[in-house]
Protein chains: 2
Amino acid sequence: MARTGTEELRRRNRAALVEQLHRHGPQTRAELTEALGLNRSTIGALAADLAETGHLHETTGRSTGSAGRPSTLVECVPKAATVTAVEIRVDRVRFALVGLGGEVLERAEAELDGADPVDAIEVVTGGAARDALEAVAAVPGLVDAGVVAHSTELGWAGRDLAADLAAATGRAWQVVDTATAAAVGEWSRGDAHESTKLLYLHGGRGLTAGLVVDGRAQRGGSIQLGHIVVQPGGHECGCGLRGCLEAEMEVFGYAEDIEYATLAAGMGDAAARDGLRRSGEDLGRALGAVVTATGPDEILFGGWLRELYLSTAAPVRSALAETTLPHLRSRLRLRTPVLGDEGALIGAAETGFAAVIDGMR
Amino acid sequence: MARTGTEELRRRNRAALVEQLHRHGPQTRAELTEALGLNRSTIGALAADLAETGHLHETTGRSTGSAGRPSTLVECVPKAATVTAVEIRVDRVRFALVGLGGEVLERAEAELDGADPVDAIEVVTGGAARDALEAVAAVPGLVDAGVVAHSTELGWAGRDLAADLAAATGRAWQVVDTATAAAVGEWSRGDAHESTKLLYLHGGRGLTAGLVVDGRAQRGGSIQLGHIVVQPGGHECGCGLRGCLEAEMEVFGYAEDIEYATLAAGMGDAAARDGLRRSGEDLGRALGAVVTATGPDEILFGGWLRELYLSTAAPVRSALAETTLPHLRSRLRLRTPVLGDEGALIGAAETGFAAVIDGMR
DNA sequence: ATCATATGTTGCAGTCAACAACAAATCTTG
DNA sequence: CAAGATTTGTTGTTGACTGCAACATATGAT
């Protein structure tokens with residue numbers, strides 16, 4: 001495999017073509033010519049290459065209504081390159097086999113009932129992981145080079161998950177954190193494609209955040225939002241620190257608790273309303289520090305933070321306004337994700353495809 | 001200028017050769033062959049190209065002591081490509097004309113005495129900026145696309161510095177923030193080349209920080225460290241917020257004040273010692289939030305923070321330890337910069353060279 | 001039905017990097 | 001000190017790739 005020379009040029013162009021189709025869906029050869037800035041003949045040669053290897057499928061053009069010869073439609077063949085995506089939660093493991101172009105080919109889910117998620121992987125994936133080009137697992141926590149350094153949610157510290165998964169399935173795995181995966185998912189298949197610096201907040205048993213710049217996860221872009229210290233010397237946290245956001249937030253738990261609290265607050269329960277407000281303020285203050293440090297242009301509230309934000313956006317916004325400079329605030333959009341529960345799984349798959357396409361270059 | 005094709009391949013390789021020499025200094029053709037993974041004949045052709053355009057100079061090989069024909073030494077011609085670097089401070093403007101390879105060809109400095117720094121630019125640079133391929137100005141503050149959105153130090157808000165400099169000098173300028181520039185400088189010409197995620201803290205009249213990942217400045221990587229809120233509802237800050245680090249730190253000012261305080265503390269002044277300690281704690285807490293949000297592997301204390309850190313590292317470290325997860329802390333090195341006062345100027349020049357080399361591709 | 005328009009196809013030319021054979025310059029060894 | 005070993009620069013050749021232009025093809029407009 002030459003690292004230089006004209007063959008690399010070909011590989012780069014081939015990869016660019018596959019990436020274009022994977023990201024933007026089926027396109028005509030004419031559109032591809034425009035998008036990649038290559039000659040018609042070059043596109044033709046590349047497409048012929050990739051059709052032969054089975055990655056692409058060409059359909060004879062149907063009339064577009066305008067004059068001229070109709071252009072051939074090119075589309076990905078999903079089964080030609082697949083990625084295994086797994087999302088690990090406290091109580092369950094979810095799996096999807098995703099094909100080139102983003103189509104979900106298989107899907108499964110299993111309750112854990114206290115079992116170790118790694119032990120459930122083979123059953124959930126049904127061996128499908130073996131044929132996939134990449135396998136990616138999303139876990140809520142601080143991930144560094146395949147190792148889960150810290151996870152409030154799973155209660156892990158320093159677990160080499162990549163190695164464990166490899167041992168259990170006989171293949172290499174990539175490990176990413178849930179929030180970063182979800183950020184990638186929302187950017188690539190959601191509604192956040194315009195964002196150049198996207199911050200995704202994930203509320204599970206712990207609070208994590210993920211930063212995606214220009215659609216790509218950063219080296220170590222996994223942020224332990226729940227362990228931003230908002231109250232120095234405050235309540236003791238499970239991580240050993242004091243005054244972490246997770247330890248200080250009054251409303252804390254799963255989405256069901258949030259729903260109960262919002263319901264109670266809506267029915268005039270003053271204590272519930274105050275609790276929600278103070279939680280929103282704590283979150284806003286922690287966010288202020290993260291925004292000052294990272295300067296995102298969009299924040300998405302995922303997991304149960306979605307419910308918190310929808311029910312109590314005002315205190316979040318005002319606490320944020322009190323802790324960030326006007327310029328950082330003014331270009332900031334606050335929203336909720338559009339992929340719902342699927343974001344992390346889809347993002348994990350997209351992380352895998354990024355590796356697949358990089359590997360083609 | 002074609003964006004694809006075999007000519008681009010040549011351009012990329014040419015740029016890679018120049019980058020290699022610029023960053024690692026003079027090298028033999030044999031070393032270049034190894035470093036770039038290209039064939040001997042290709043290196044020869046590229047070097048011949050660049051020698052003809054005047055970018056490179058080849059010296060007939062001198063014996064290395066080992067067997068074989070001595071390899072030709074290739075080095076940059078500094079004057080072949082120059083970058084104008086300017087550092088703007090409250091009280092003065094500093095200028096350097098830097099040549100390819102990193103050699104400083106000219107240097108000048110001017111006190112401002114209250115004048116607008118832009119008005120002093122033409123005099124300080126002596127018109128040298130005109131011939132340079134790139135011109136870069138470093139300013140302490142929050143910079144976004146040529147605009148200084150906020151600068152405690154200069155008292156600017158929303159000033160389009162790139163446009164002002166262009167109007168004053170008749171050429172395009174790039175604007176970066178001082179801390180990020182210094183981070184780039186320390187990474188490329190200092191002692192922080194091993195760091196993959198380098199956080200540089202700059203103490204001037206305001207406190208700013210810059211993040212450099214794999215040697216490159218991030219989009220909007222300029223961090224207003226001084227406006228991390230460490231005391232919600234605390235003292236009013238000039239930026240309009242309350243409880244900013246800048247407003248809360250007891251020892252705050254120029255390096256001279258720090259020196260005075262450390263001197264007093266050393267002579268047993270309990271008040272000075274307490275003030276230093278509390279300032280170190282405040283700084284450590286703000287840093288904790290930034291570290292949790294960005295996950296650097298190295299932190300450099302620049303400007304007068306250097307003095308503060310050297311005299312009172314313990315409270316900074318312990319406050320940091322109380323506000324960051326063990327895993328983030330364990331891989332973190334705290335140090336002081338090696339380029340001293342020059343970091344930002346050198347880094348601004350390197351930012352310019354990055355653009356020059358990117359432009360060759 | 002003919003022309004205009006847009007696109008796929010084919011053959012050709014220009015460029016590039018790798019390769020191999022050769023030349024050059026140094027060290028090593030007898 | 002001379003011949004061989006070793007390393008590197010040089011040159012001519014080769015295979016590959018992309019762009020270009022001319023031609024073929026398929027549709028809409030007149």
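Reminder, nothing fancy here: chain letters follow the sequence lines and each chain counts from 1. None of these values were measured; they are calculated from a predicted model.
The neighbour count for A:Arg331 CZ, taken as heavy atoms of other residues, nucleotides or ligands under 6.0 Å away, is above 12. With a 6.0 Å radius and a threshold of 12 heavy atoms from other residues, nucleotides or ligands, B:Arg216 has its CZ atom at or below the threshold.
Residue whose closest nucleotide on DNA chain D sits further toward the 5' end, between B:Thr33 and B:Thr6: B:Thr33. Heavy-atom distances to DNA chain C give each of B:Arg40 and B:Asp49 a nearest nucleotide, and the one nearer the 5′ end belongs to B:Asp49. Of the two residues near DNA chain D, A:Thr42 and B:Gly68, the one whose nearest nucleotide lies more 5' is B:Gly68.
With rounding to whole Å, A:Leu46 atom CG is found 9 Å from D:dC17 atom P. Here the P atom of nucleotide D:dT18 and the CZ atom of B:Arg12 are 14 Å apart, to the nearest Å. The distance between atom CZ of B:Arg29 and atom C1' of D:dG9, rounded to the nearest whole Å, is 6 Å. In this structure, A:Leu17 places its CG atom 14 Å from C1' of D:dT18, rounding to the nearest Å. If you take CD1 of B:Ile43 and C1' of C:dA17, they are 11 Å apart, rounded to a whole angstrom. Look at CG on A:Asn39: it is 16 Å from P on C:dG11, rounded to the nearest Å. Taking atom CG of residue B:Asn13 and atom P of nucleotide D:dC17, one finds them 17 Å apart after rounding to whole Å. At whole-Å resolution of the value, CZ in A:Arg14 and C1' in D:dC17 are 11 Å apart.
For the pair B:Ser66 and C:dC27, the criterion of a side-chain N or O lying under 4.0 Å from OP1 or OP2 is not met. Between B:Ser71 and D:dG9 there is a side-chain polar atom (N or O) within less than 4.0 angstrom of OP1 or OP2. Of the side-chain N and O atoms in A:Arg10, one or more sit less than 4.0 angstrom from OP1 or OP2 of D:dT18.
Taking the side chain of A:Arg69 as heavy atoms from C-beta on, and the options C:dC16, D:dT6, C:dG8, the nearest nucleotide is C:dG8. Out of C:dA17, C:dT7, C:dA25, the shortest distance to the side chain of B:Leu9 is found at C:dA17.
A salt bridge does not link A:Glu8 with B:Arg12: every distance from a Lys NZ or Arg NE/NH1/NH2 to an Asp or Glu carboxylate oxygen is 4.0 Å or more. Ion pairing between a basic and an acidic side chain is recognised when a charged N comes within 4.0 Å of a carboxylate O; B:Glu194 and B:Arg333 show no such pairing.
Across B:Ile43, B:Thr42, B:Thr72, a single residue satisfies side-chain contact (heavy atoms from CB on, under 4.5 Å) together with B:Leu32, and that is B:Ile43.
Counting distance only, with no hydrogens placed and no angle test, the side-chain atoms of A:Ser41 and the base atoms of D:dC20 include a donor-acceptor pair under 3.5 Å.
Within the 4.0 angstrom heavy-atom criterion, only backbone atoms of the sugar-phosphate kind lie near A:Thr72; the bases stay farther away.
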